[in-house]
Amino acid sequence: MIFNPEKCRIKDERMKPFIDIEEIEDHLATTKNPDKQEVLDIIQKSLNKNRLSLRETAILINAEDTELIEAIKDGARQLKEKVYGNRIVLFAPLYIGNKCKNNCLYCGFRSSNKAAIRNTLTDEEIIKEIEALEDNGQKRLILVYGEHDSYNPEYIAHTVRLAYSVKKGRGEIRRVNINAAPLTIEGFRTVKKAGIGTYQIFQETYHKPTYEKYHLGGPKKDYDYRLTSLDRAQEAGLDDVGIGALFGLYDWKFEVMALIRHTNHLEACYNVGPHTISFPRIKKASGLSIDNKYLVSDSEFTRIIAILRLAVPYTGLILTARENAEVRDEVIRFGVSQIDGGTKLELGSYSKSKNEEQDLNKEQFAINDTRSLGEIIDELIDKEFLPSFCTACYRLGRTGEHFMEFSVPGFIKRFCTPNAILTLAEYLTDYATPELSEKGWNLVEKELQKLNEPKLEKQIREKLEKIKNGERDLYF
Ligand code: SAM
Ligand code: SF4
């Protein structure tokens, strides 16, 4: 990305910490009890396809009135429907190793948790896991690692290459994202060369005193090093990055503001915001030791998602199986663009023949949505969502796809919906039960009609025929 010195104000120097607690607290303190019209105008600004400022975000956060909360949720729902449509991208996490030098009090993998059973998958085990994931129909993975000397950039790059190399039947992994510790600039270059998609790093909490309370040992103790990690990624030419906060450590209002501040920082310095934002809520973990004061309720969680949707209307929002099926079904409408499906967190568990009970000593935390990928796709279709495994933009070098979806008129109709249809068709042909297949093809028909573009419909139908005849990986 081209460095834009004009946009990079003193506050937003490259590679320099940018969170100012006072600035955020000041915005939150001076926007209490906002005027109804002001809130409605801000929602409209977002619906008119403008991102919101920190102050405007604070106003939405401070809208506590039931009627205004409903207006915000409704705005987010409208924005999702109008701009992004009904596609939901599916992926699966794959835990590679849980050795960890850090001592994060909320995490089952932390070094002081002696009950944790430590393991790193061998190459053979990784291959088996990926084959099992491919047999389920997965095309997009996120590889997850603890922070340990053995999970260095060369090793991460090796596992990424390995993941891309495994092809079973018609299965293949087309996009490998990463969730791992912060790297040096050189380290980010190494993993970029392996062809990764997004590099995700969550700040956990942007509130430094709270951060220090929860990170008691290991390199992760260094708040600033973590905060500037995605600057180093950008410096290394890796501009596809994901940010996130672990909700429940500190006040959710502060964290939402900080996520927006982080977005502004990346945009100011590198002209590109994060590809995705994640908002995990703390779940049960082996030996979990946290203060319950800031745990986020379901209704607050919905507000968080709706506010993020409106504040950064062109950023992907990821919701994971930490949440149960009910919560996921409810909040997905407010702007989520990606979810995981068929998730298992225990190392090596995708290739095990039977589903075992969750054992917290083998997992980072408990998941609450244990539905299989097939079940999730089935239910998405019932709710008129269009499941997608599309990886076209990243493979064609069309980076910043959310931004294009958002700002290029007709982009979704021309590229995203057709590619969602094609990848769903592959899934239905290769992996679905006859019942799901029937349902899925009905949805494909409906989506083709909805496009209302005979020429495009014809092009898609030609590709669908090719899929039925065994061709794979067709996209626009
Ligand atoms: N070790 C790497 C790191 O810390 O950046 C990888 C991260 S970890 C395997 C993935 C994420 O899980 C963490 O960044 C954290 O936000 C989240 N996490 C940790 N403990 C959790 C818990 N008890 N409940 C929900 N999410 C948790
Ligand atoms: Fe290690 Fe990451 Fe867990 Fe912290 S959150 S203990 S760094 S695996």
Side-chain angles (χ1 to χ4, degrees), residues 93-121 142-153 155-156 159 177-183 187-188 191 198-206 210-211 213-223 225-227 229-230 232-233 241-250 255 259 276-292 294-296 301 318-324 327 340 343 345-347 358 360-369:
L94 173 59
Y95 278 68
I96 300 290
N98 69 355
K99 291 197 275 184
C100 198
K101 296 200 285 194
N102 294 324
N103 200 7
C104 314
L105 294 188
Y106 45 82
C107 177
F109 291 168
R110 68 174 192 269
S111 56
S112 68
N113 182 13
K114 301 300 172 214
I117 299 163
R118 307 278 165 187
N119 192 8
T120 304
L121 298 182
I142 179 153
L143 305 186
V144 187
Y145 314 73
E147 180 159 2
H148 194 266
D149 296 342
S150 43
Y151 311 142
N152 54 39
Y155 176 73
I156 293 177
T159 54
N177 298 332
I178 298 290
N179 186 314
L183 304 178
F188 279 119
V191 294
T198 309
Y199 201 104
Q200 263 188 5
I201 296 178
F202 305 156
Q203 186 62 26
E204 320 297 11
T205 169
Y206 285 88
T210 307
Y211 188 95
K213 180 170 136 196
Y214 282 112
H215 298 94
L216 295 185
K220 194 164 166 180
K221 245 178 30 186
D222 187 341
Y223 171 97
Y225 188 73
R226 195 167 176 93
L227 188 66
S229 54
L230 295 173
R232 292 193 296 284
V241 299
I243 64 172
L246 181 57
F247 281 87
L249 297 178
Y250 187 61
E255 306 292 11
L259 285 166
T276 54
I277 298 184
S278 300
F279 32 84
R281 275 195 295 185
I282 293 208
K283 299 293 164 188
K284 266 194 294 188
S286 171
L288 179 78
S289 160
I290 60 149
D291 176 351
N292 287 344
Y294 294 111
L295 292 184
V296 164
F301 191 56
I318 302 184
L319 175 70
T320 69
R322 289 175 179 86
E323 302 301 334
N324 66 35
V327 169
D340 51 346
T343 294
L345 295 195
E346 184 182 327
L347 277 96
Q358 288 191 55
L360 279 188
N361 288 330
K362 295 182 183 161
E363 292 167 8
Q364 194 193 10
F365 49 81
I367 57 166
N368 293 292
D369 186 350

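In each ligand, atom 1 is the first atom listed, and ligand 1 is the first ligand listed. Numbering of residues begins at 1 and proceeds along the displayed sequence.
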> Taking atom types as modelled and ignoring hydrogens, do the side chains of Y199 and S229 form a donor-acceptor contact shorter than 3.5 angstrom?
Replying inline: no

>> Below 4.0 Å, non-hydrogen atoms only: which portion of Y145 touches ligand 1? Side chain, backbone, both or neither.
In response: backbone

> How far is atom 12 (O) of ligand 1 from its nearest protein heavy atom, and which residue and atom is that?
Replying inline: R322 NH2, 3.0 Å

> Taking non-hydrogen atoms only, is R110 closer than 4.0 angstrom to ligand 1 via side chain, backbone, both or neither?
Replying inline: neither

> Considering only heavy atoms, does R281 approach ligand 1 within less than 4.0 Å through its side chain, its backbone, both, or neither?
Replying inline: backbone

> For Y225, is the NZ or CZ atom of R232 found under 6.0 angstrom from the centre of its six-membered ring and inside 45 degrees of the ring axis?
Replying inline: yes

> Backbone or side chain, does any N or O of Y95 fall under 3.5 Å from an N or O of ligand 1?
Replying inline: no

>> Taking only non-hydrogen atoms of I201, do any sit less than 4.0 angstrom from ligand 1?
In response: no

> What residues form a side-chain hydrogen bond (donor to acceptor under 3.5 Å, both in side chains) with S111, not counting sequence neighbours?
Replying inline: none

>> One pair to check against side-chain contact (heavy atoms from CB on, under 4.5 Å): L227 and Q203. What are the steps and the verdict?
In response: CA-CA 6 Å; L227 188 66; Q203 186 62 26; 3.9 Å; yes

> ligand 1 versus A180, non-hydrogen atoms closer than 4.0 Å: side chain, backbone, both, neither?
Replying inline: backbone

>> For atom 4 (Fe) of ligand 2, which protein N/O/S atoms fall under 2.8 Å? Skip waters.
In response: C104 SG

> Considering only protein heavy atoms, which is closest to atom 3 (C) of ligand 1, and at what distance to one decimal place?
Replying inline: R226 NH2, 3.5 Å

